[in-house]
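As the structure lists them, so they are numbered: ligands from 1, and atoms in each ligand from 1.
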Amino acid sequence: MSRYQPPKIASSEITPQGLYLNRRGLMGLAAGGIAAAAAPGAFAAALTATPSAYKVDAKLTSKEDVTTYNNFYEFGTGKEDPSRNAGSLNTRPWTIEVGGLVAKPQVIDIETIMRDYTMEERVYRMRCVEAWSMVIPWIGFPISALLDKVEPLGSAKYVAFETLVRPEEMQGQAGIFQALDWPYVEGLRLDEARHPLAILATGLYGETLPNQNGAPIRLVVPWKYGFKGIKSIVKITLTEQEPPSTWNRLQASEYGFYANVNPAVDHPRWSQATERRIGEADGLFGGARVDTLPFNGYADEVASLYAGMDLTKFY
Ligand code: MTE
């Protein structure tokens, strides 16, 4: 994010007003797995109905924008590179190695996850550190469900996540110019990872996760800046020490480990007080601007995780 220009919005990225959420379709999908199985590419696993706590009183970002305006440097640094280039990624077979400070380390097959974990639809506000935002209907399950399976030891304090390295299928990892050090890595404190809002997503908009959004499984932590949402995860490790995170390692003065959305702490090169909702009606300065909320609007749920911490220091 320190290596490219702030995004300019193209007219092709404006959401047609008519796309304002097909809620009925989604809810129908949530209510019955049969409808899901019938629609092409639709989510096959059983979905539970959306709990009201995971709804957002805002317009959904169009599926078109959610799946064509992405950050996924393994496929290039441009916003449209992931949707153009991620088709080359094979997401089957796929396993996730879960280990470190746990009683029951496991290599879990993605098919097992799709079959055994109860998927829920969660509509989350998502806030990128680049001061734009989206509202996305994810499908996933709480990370805590997976952590329970491996039984973290008392000494485990953090959860480290790692993305696939496969230059043959990820063109951003091949060649001379490498935007980042691979693998892309991220981390959470264990209590953050256990918070019910923090999920591993396997789908969006009622369908299996598109490759550009992090198939087959990625992290979604709605009260943190988007870069924490590591994609295409192959490894999860419980640790005692704070694990490295890609953007923090690259530029610690700009990207902290915590990365909680905080309108009061500016990025060194821009304000975080407001955000541009991708796809909403163009304003004078290109895109509707809305105020950024502490913890991205989830303060009631998560602020207690950070009681007593100086959030200007632990940004
Ligand atoms: N995960 C990997 N492996 N590689 C990346 O480059 N980019 C991050 C995050 N996860 C990234 C990643 C950033 S900067 C953002 S804003 C979000 O993914 C974007 O997620 P989206 O494209 O699904 O909206």
Side-chain angles (χ1 to χ4, degrees), residues 1-4 6-7 13 60-86 89 91 94 96 122-140 160-167 169-173 178-188 198-205 207-236 244-251 254-256 259 261 267 272 275-279 296:
M1 286 161 286
S2 61
R3 296 190 183 183
Y4 58 86
E13 289 160 352
L60 286 192
T61 305
S62 75
K63 185 170 147 191
E64 170 75 11
D65 283 331
V66 170
T67 58
T68 59
Y69 191 87
N70 301 104
N71 279 325
F72 199 168
Y73 278 40
E74 283 84 339
F75 297 102
T77 56
K79 294 285 181 271
E80 294 178 359
D81 290 340
S83 57
R84 255 190 234 124
N85 303 329
L89 177 65
T91 59
W94 193 279
I96 305 168
R122 306 274 190 98
V123 178
Y124 282 161
R125 284 179 287 269
M126 303 301 298
R127 171 61 156 78
C128 182
V129 74
E130 298 163 298
W132 48 265
S133 61
M134 296 190 184
V135 179
I136 302 179
W138 298 104
I139 295 165
F161 300 86
E162 217 174 284
T163 295
L164 179 74
V165 179
R166 196 182 285 162
E169 295 176 18
M170 298 175 132
Q171 64 176 65
Q173 291 179 336
Q178 301 286 309
L180 298 171
D181 287 333
W182 316 111
Y184 192 100
V185 291
E186 258 307 337
L188 295 172
I199 60 170
L200 288 166
T202 58
L204 56 79
Y205 261 106
E207 295 178 4
T208 302
L209 205 58
N211 284 2
Q212 60 267 34
N213 293 92
I217 188 162
R218 57 89 54 88
L219 186 65
V220 177
V221 190
W223 69 93
K224 292 179 181 282
Y225 290 119
F227 66 87
K228 296 297 282 186
I230 181 171
K231 299 178 169 182
S232 304
I233 297 168
V234 291
K235 195 169 178 187
I236 298 177
S245 61
T246 287
W247 290 100
N248 176 250
R249 201 166 53 187
L250 186 72
Q251 195 59 271
E254 301 191 1
Y255 313 107
V261 174
H267 183 280
Q272 296 290 27
E275 65 205 56
R276 182 171 61 90
R277 271 284 156 78
I278 297 293
N296 200 27

Worksheet entry | Close approach, C128 and ligand 1, non-hydrogen under 4.0 angstrom | yes
Worksheet, complete the sentence: Within 4.0 Å of some non-hydrogen atom of N70, the atoms of ligand 1 are 21 (P), 22 (O), 23 (O)
Fill in: Proximity of E74 to ligand 1 by residue part, where a heavy atom lies under 4.0 Å
side chain
Fill in: N70 side-chain N/O to S83 backbone N/O, donor-acceptor pair under 3.5 Å
no
Practice prompt. For T163, counting its heavy atoms only, list the atoms of ligand 1 lying under 4.0 Å from any of them.
Written response: 3 (N)
Discussion item. Just to be sure I'm reading this right: ignoring hydrogens, which of S232, P210, G226, P82 gets closest to atom 15 (C) of ligand 1? Compare them by their nearest heavy atoms.
Written reply: G226
Discussion item. Go through it in stages, so that I can follow the logic: the residues are T163 and W182, the test is side-chain contact (heavy atoms from CB on, under 4.5 Å), and I'd like the CA-CA distance, side-chain angles, deciding distance and then a yes or no.
Written reply: CA-CA 8 Å; T163 295; W182 316 111; over 6 Å; no
Item to complete: For K231, enumerate each residue passing the salt bridge (Lys or Arg N to Asp or Glu O under 4.0 Å) test, keeping only those at least two apart in sequence or located in another chain.
Response: none
Worksheet item: Can the ring centres of Y225 and W247 be said to be less than 6.0 Å apart?
Response: no
Worksheet entry | Polar contact flag for K231 and ligand 1 (N/O pairs, less than 3.5 Å) | yes
Discussion item. For atom 8 (C) of ligand 1, tell me which residue out of F72, Y184, Y255 has the closest non-hydrogen atom.
Written reply: Y184
Worksheet entry | Shortest non-hydrogen contact from A201 toward L209 | O-CD2, 3.7 Å
Item to complete: Could you walk me through whether K224 and E186 pass salt bridge (charged side-chain N to carboxylate O under 4.0 Å, His left out), step by step?
Response: CA-CA 12 Å; K224 292 179 181 282; E186 258 307 337; over 6 Å; no
Worksheet item: Does an N or O anywhere in N213 fall below 3.5 Å from an N or O of ligand 1?
Response: yes
Discussion item. Check contact between G229 and ligand 1, using heavy atoms of the residue and a distance below 4.0 angstrom.
Written reply: yes
Fill in: With E169 via side-chain contact (heavy atoms from CB on, under 4.5 Å) - residues at least two apart
L89, N90, R166
Practice prompt. Would you indicate which of K79, Q212, R218, M126 comes nearest to atom 23 (O) of ligand 1 when only heavy atoms are counted?
Written response: R218
